[in-house]
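Presented below is the structure to which this report refers.
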Amino acid sequence: MAEEVIKIQDGILTLKCGKEVTIETIYAFKEQVEHDSESSEVEAVVADLSEARFLDSSGIGFLVSLNSRLKSNNKNMYLLRPSEQICKTLELVRLISFFTIIEDEMEIP
């Protein structure tokens, strides 16, 4: 059973990621997230990485692509509570500053 959950509430699409964000796990929800995020109802996307412990190159590519697409549509993307391990991975590939990291959904403007 997939650990990922997608919900839209109050203009925010939240993608709750499982323990691993890899080519195997993103395959199941990538198209739905991309489609849903283009809806006029969605103003921002929150990738909840609070449970994620591993992020591979496909997971990074998905997050970068989604963030870029959202920015081009004047929408924002937030990474919610990424673990120290995920932050280190993003720092290693010099992408940590490409994302807006939040510790609580209340930080969304």
Side-chain angles (χ1 to χ4, degrees):
M1 184 172 151
E3 298 177 43
E4 293 74 23
V5 177
I6 301 167
K7 72 174 184 174
I8 299 174
Q9 184 175 349
D10 298 328
I12 298 173
L13 183 150
T14 302
L15 167 61
K16 181 149 179 64
C17 299
K19 289 182 175 53
E20 296 184 349
V21 184
T22 64
I23 192 167
E24 291 86 11
T25 61
I26 64 170
Y27 181 79
F29 62 81
K30 182 179 187 279
E31 286 184 24
Q32 183 181 350
V33 170
E34 289 172 350
H35 176 268
D36 290 352
S37 67
E38 292 179 9
S39 166
S40 60
E41 294 177 35
V42 173
E43 298 167 14
V45 173
V46 173
D48 182 346
L49 298 172
S50 59
E51 294 181 12
R53 297 296 172 255
F54 181 73
L55 179 66
D56 75 358
S57 59
S58 294
I60 292 169
F62 167 70
L63 293 174
V64 167
S65 172
L66 182 60
N67 195 15
S68 296
R69 186 177 302 109
L70 290 164
K71 283 182 179 181
S72 71
N73 291 321
N74 295 318
K75 297 181 181 185
N76 296 311
M77 178 174 168
Y78 303 92
L79 303 184
L80 178 62
R81 288 189 299 276
S83 69
E84 186 177 335
Q85 181 84 20
I86 299 296
C87 287
K88 283 183 180 179
T89 300
L90 292 173
E91 286 172 5
L92 185 66
V93 295
R94 297 190 170 129
L95 285 171
I96 194 80
S97 62
F98 182 70
F99 296 102
T100 302
I101 296 174
I102 59 173
E103 290 299 315
D104 190 305
E105 289 181 271
M106 299 303 287
E107 294 178 49
I108 298 171

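In this chain, residues are counted from 1 in sequence order. What you see is a predicted model, and the numbers here were worked out from it, not measured in a lab.
Asp10 contributes atom CG, which lies 10.5 Å from atom CD1 of Ile108 (distance to the nearest 0.5 angstrom). If you take CD1 on Ile60 and CZ on Phe98, they are separated by 12.0 Å, rounding to the nearest 0.5 Å. If you take CD on Glu20 and CZ on Arg53, they are separated by 11.5 Å, rounding to the nearest 0.5 Å.
Placement of Leu15 and Ile8 within a single hydrophobic cluster is found when ILVMFWY residues are connected by side-chain heavy-atom separations under 4.5 Å, directly or transitively. Both Leu55 and Phe29 are assigned to one and the same hydrophobic cluster, defined by single-linkage of ILVMFWY side chains at heavy-atom distances under 4.5 Å. Leu13 is connected to Leu70 through a chain of hydrophobic side-chain contacts under 4.5 Å among Ile, Leu, Val, Met, Phe, Trp and Tyr, so both are in one cluster. No path of Ile, Leu, Val, Met, Phe, Trp and Tyr side chains, each step under 4.5 Å between heavy atoms, connects Val46 with Val5, placing them in separate hydrophobic clusters. Both Val33 and Leu49 belong to a common hydrophobic cluster when Ile, Leu, Val, Met, Phe, Trp and Tyr are linked at side-chain heavy-atom distances under 4.5 angstrom.
Counting heavy atoms from C-beta outward, Ile96 and Ile101 have side chains that approach closer than 4.5 Å. Within the 4.5 Å cutoff, no side-chain heavy atoms of Ser50 are placed close to those of Leu80. Between Met77 and Leu63, some side-chain heavy-atom pair lies under the 4.5 Å cut-off. Between Asp36 and Ile6 there is a side-chain heavy-atom pair separated by less than 4.5 Å.
Checked by atom type and distance alone, the side chain of Glu107 pairs as donor or acceptor with a backbone atom of Asp104 at under 3.5 Å. Formation of a donor-acceptor pair under 3.5 Å by the Asn73 side chain with backbone atoms of Glu38 is not found in this model. Remark: side-chain polar atoms of Lys30 are not paired, donor with acceptor, to backbone N or O of Phe62 under 3.5 angstrom.
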Exercise. Leu79 and Leu90: side chain to side chain contact (heavy atoms under 4.5 Å, CB included), yes or no, with the steps?
Worked result: CA-CA 11 Å; Leu79 303 184; Leu90 292 173; 3.8 Å; yes

Problem set entry | Steps toward side chain to side chain contact (heavy atoms under 4.5 Å, CB included) verdict (Ile12, Tyr78) | CA-CA 10 Å; Ile12 298 173; Tyr78 303 92; over 6 Å; no

For this session: Give the C-alpha distance, both sets of side-chain angles, the deciding distance and a yes or no for side chain to side chain contact (heavy atoms under 4.5 Å, CB included) between Phe99 and Val64.
Result: CA-CA 8 Å; Phe99 296 102; Val64 167; 3.9 Å; yes

Problem set entry | Candidate pair Lys16 and Lys7, rule side chain to side chain contact (heavy atoms under 4.5 Å, CB included), full reasoning | CA-CA 8 Å; Lys16 181 149 179 64; Lys7 72 174 184 174; over 6 Å; no

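Residue pairs meeting the side-chain hydrogen bond (donor to acceptor under 3.5 Å, both in side chains) criterion with at least one partner in residues 79-94, sequence neighbours excluded, are Glu84-Lys88.
Here the shortest heavy-atom pairing between Ser37 and Val45 reads CB-CG2, 3.9 Å. Here the closest heavy-atom approach between residue Ser58 and residue Ile26 is recorded as O-CD1, 3.5 Å. Counting all heavy atoms, side chain and backbone alike, Val21 lies closest to Cys17 at CG2-CB, 3.9 Å.
Under the 4.5 angstrom side-chain criterion for Ile, Leu, Val, Met, Phe, Trp and Tyr, Tyr27 has no cluster partners at all.
For Glu103, the CD atom is densely surrounded, since the number of other residues' heavy atoms within 6.0 Å is greater than 12.
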